[in-house]
Amino acid sequence: MLDISFAKSALPKSGAVVILAGEGALGGLAAELDTAMQGGLARALEAAGFKGRAGQSAALWAPLPGLTKVLVLGTGPTLDAEKLGGGLVPQLSKEAECTVLADALSAGQAASLAMGATLRSYRFDRYRTTEKAEDKPKLKKLSIATADASAAKAAFAPMKAVAQGVFLTRDLVSEPANILNPAEFADRCKELTKLGLDVDVLGPKEMKKLGFGALLGVAQGSANEPRMVVMRWNGLSGGKKKADKPVCFIGKGVTFDTGGISIKPAGGMEDMKWDMAGAGTVTGLMAALAGRKAKVDAVGIIGLVENMPGDNAQRPGDVVTSASGQTIEVINTDAEGRLVLADVIHYAIEKFDPKFMVDLATLTGAIIIALGHEHAGLFSNDDELAARIAAAGVSTGELAWRMPLGDAYDKQIKSDIADMKNVGGRPGGSITAAQFIQRFVQGKPWAHLDIAGTAWSGKDTATVPKGATAYGVRLLDRLVAEHYEG
Ligand code: BES
Ligand code: MN
Ligand code: ZN
């Protein structure tokens with residue numbers, strides 16, 4: 001992770017310098033630098049046609065002895081500190097140390113800038129063994145010169161914990177499936193006990209006892225055993241406050257989804273290594289809540305399986321009995337995520353009686369057809385919870401769009417032989433998947449986020465490099481912070 005420090009407002013003597021400039025004349029530390037350069041900075045910006053618009057930038061090399069580079073970023077009329085922080089990272093990949101002149105920013109803005117830079121600096125390079133040193137990004141230290149350094153540092157501390165959660169999620173989601181099988185995933189969750197989380201791991205024996213016929217049916221085609229991991233953060237009751245019902249987050253963790261016997265086509269199948277992104281997000285979220293010592297009792301539960309067409313795999317037409325007792329006709333073994341969630345959700349209700357549940361799952365290709373990669377699909381039986389999630393999405397930039405539920409959709413999953421079937425045909429494919437899940441929530445407050453379109457990105461954005469996005473960690477952390485702490 002980038003090494004970020006907040007220092008008092010002063011020009012640095014070495015390294016690179018970032019200036020944030022709007023439409024007007026240079027002020028504060030930027031004006032001081034211009035003076036030291038005998039007006040050369042203002043002249044250069046004029047010559048470059050720099051107008052201070054958002055997204056605009058200009059660079060000067062070695063303007064003074066000791067300084068390697070000056071990067072000037074346009075702020076536009078409404079400065080977005082997080083975006084600016086993210087935007088500077090790729091432009092400084094050749095610099096080891098950099099100081100941002102943030103003397104015009106509030107402490108909160110300085111912290112947001114640090115957050116943006118941190119989030120953008122993520123890189124998964126565990127398996128690059130021959131990359132040349134000069135090709136690797138060099139930026140290691142970012143110093144932020146600001147009026148109230150200690151206030152900025154305090155504001156950044158909880159953000160940094162969230163960024164660490166985001167990085168954990170991105171690491172898990174990026175990891176290939178030959179490394180990250182269910183057992184390995186559970187082992188990585190175990191490591192979170194060092195943050196103060198209680199972590200319990202259940203294997204196939206325990207799940208059999210609990211009657212997890214739906215989850216185990218998916219797992220039985222793979223040589224890699226399934227796991228369920230329960231992570232608890234008792235930020236309220238652990239602090240001796242009266243225990244309340246916990247909030248609960250549930251994740252689909254299909255460490256690889258071949259489709260099973262209803263096997264997927266070869267093209268793009270490698271993407272199914274990230275079919276555990278829901279579980280990865282829940283894990284990073286729990287790390288974030290613990291890392292910033294959130295005043296909440298929260299439970300994260302993830303169902304980890306590999307969906308393979310092994311010789312013991314379930315067949316289309318098989319009927320399985322879920323932990324709730326409801327029976328399911330498995331028409332398509334590729335609609336496996338909902339089978340996993342059915343048992344994990346039932347367990348969550350029986351064991352924890354949560355205040356509400358939010359499940360995250362890369363559940364359907366159909367949600368990508370409906371919403372593209374810009375919004376996750378949001379389904380809920382609770383208007384207040386849905387509104388809070390949508391609002392937290394807007395404030396964190398992790399957008400979610402509410403989709404309908406209803407009896408007419410539910411009819412699509414009626415079965416001729418069992419209580420339900422696991423697919424409802426092509427029309428409204430994401431909705432019938434959500435209807436299936438709803439049959440297991442016993443009318444309790446619940447929301448479902450279909451993150452198939454948002455868990456992975458094919459392009460860089462200001463704060464999210466391409467690859468695993470960790471969509472949902474910041475959104476749900478914000479949901480907790482705004483409504484369920486204290
Ligand atoms: N994991 C997939 C959904 C998915 C697709 C995630 C693309 C990310 C990107 C899920 O298990 C699946 O296979 N869904 C099927 C459901 C169908 C068989 C009813 C789908 O969307 O095609
Ligand atoms: Mn599938
Ligand atoms: Zn899947």
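Atoms within each ligand, like the ligands themselves, are counted from 1 in listed order.
The aromatic rings of Trp446 and His448 sit parallel, their planes meeting at an angle under 30°, below the 60° perpendicular limit. Between Tyr122 and Phe167, the angle of the ring planes goes over 60°, which puts this pair in the perpendicular group of the 30/60° scheme.
A salt bridge is defined here as a Lys NZ or Arg NE, NH1 or NH2 lying under 4.0 Å from an Asp or Glu carboxylate O, and Arg439 with Asp410 meets this definition.
Residue contact annotation: Asp257 places an N/O/S atom under 2.8 Å from the Zn ion (ligand 3). Residue contacts to the Zn ion (ligand 3): Lys252 brings an N, O or S atom closer than 2.8 Å.
Glu82 and Ser112 share no side-chain donor-acceptor pair at under 3.5 Å. Residues Asn181 and Thr255 bring no donor and acceptor atom of their side chains to less than 3.5 Å of each other. When only modelled atom types and interatomic distance are considered, Tyr127 and Glu175 share a side-chain donor-acceptor pair under 3.5 Å. Under the 3.5 Å distance criterion, with hydrogens and angles disregarded, no donor-acceptor pair is assigned to the side chains of Asp419 and Gln326. There is no side-chain donor-acceptor pair under 3.5 Å between Thr258 and Asn307.
Put simply, atom 13 (O) of ligand 1 has protein non-hydrogen atoms near it, under 4.0 Å away.
The nearest heavy-atom contact from the protein to atom 7 (C) of ligand 1 is Met272 CE, 3.9 Å. Among all non-hydrogen protein atoms, the one lying nearest atom 18 (C) of ligand 1 is Asn332 ND2, 3.4 Å. Distance from atom 16 (C) of ligand 1 to its nearest protein heavy atom, with residue and atom name: Arg338 NH2, 3.9 Å.
Using modelled atom types, no side-chain atom of Thr463 and backbone atom of Arg120 make a donor-acceptor pair closer than 3.5 Å. Distance alone, capped at 3.5 Å, places no donor-acceptor pair between the Glu329 side chain and the Ala418 backbone.
Looking at Asp275, its N, O or S atom nearest to the Zn ion (ligand 3) turns out to be OD2. The name of the N, O or S atom in Glu336 nearest to the Zn ion (ligand 3) is OE2. In terms of distance to the Mn ion (ligand 2), the nearest N, O or S atom of Glu336 is named OE1. When you scan the N, O or S atoms of Asp257 for the one nearest the Mn ion (ligand 2), you land on OD2.
Short contacts between ligand 1 and Val423, defined as distances under 4.0 Å to a heavy atom of the residue, involve ligand atoms 19 (C). In summary, the atoms of ligand 1 found under 4.0 Å from a heavy atom of Asp257, numbered by their order in the structure, are 1 (N), 2 (C), 10 (C), 11 (O), 13 (O). With ligand atoms numbered from 1 in the order given, ligand 1 contributes 11 (O) to contacts under 4.0 Å with heavy atoms of Glu336. Annotation for ligand 1: atoms under 4.0 Å from non-hydrogen atoms of Lys252 are 1 (N), 10 (C), 11 (O). Each of the following atoms of ligand 1 lies closer than 4.0 Å to a heavy atom of Trp274: 8 (C), 9 (C).
Here the side chains of Thr454 and His375 are not in contact, with every heavy-atom distance at 4.5 Å or above.
The residue among Ala335, Gly259, Ser262 with a heavy atom at the shortest distance from atom 17 (C) of ligand 1 is Ala335. Closest to atom 5 (C) of ligand 1 by heavy atom, among Gly278, Ala361, Gly365, Ala455, is Gly365. Within the set Asp271, Ile369, Leu363, the minimum heavy-atom distance to atom 3 (C) of ligand 1 is found for Leu363. Of the candidates Asp275, Ile451, Asp334, Thr432, Asp334 brings a heavy atom nearest to atom 15 (C) of ligand 1.
Taking a 6.0 Å sphere around NZ of Lys264, one finds it holds more than 12 heavy atoms contributed by other residues, nucleotides or ligands.
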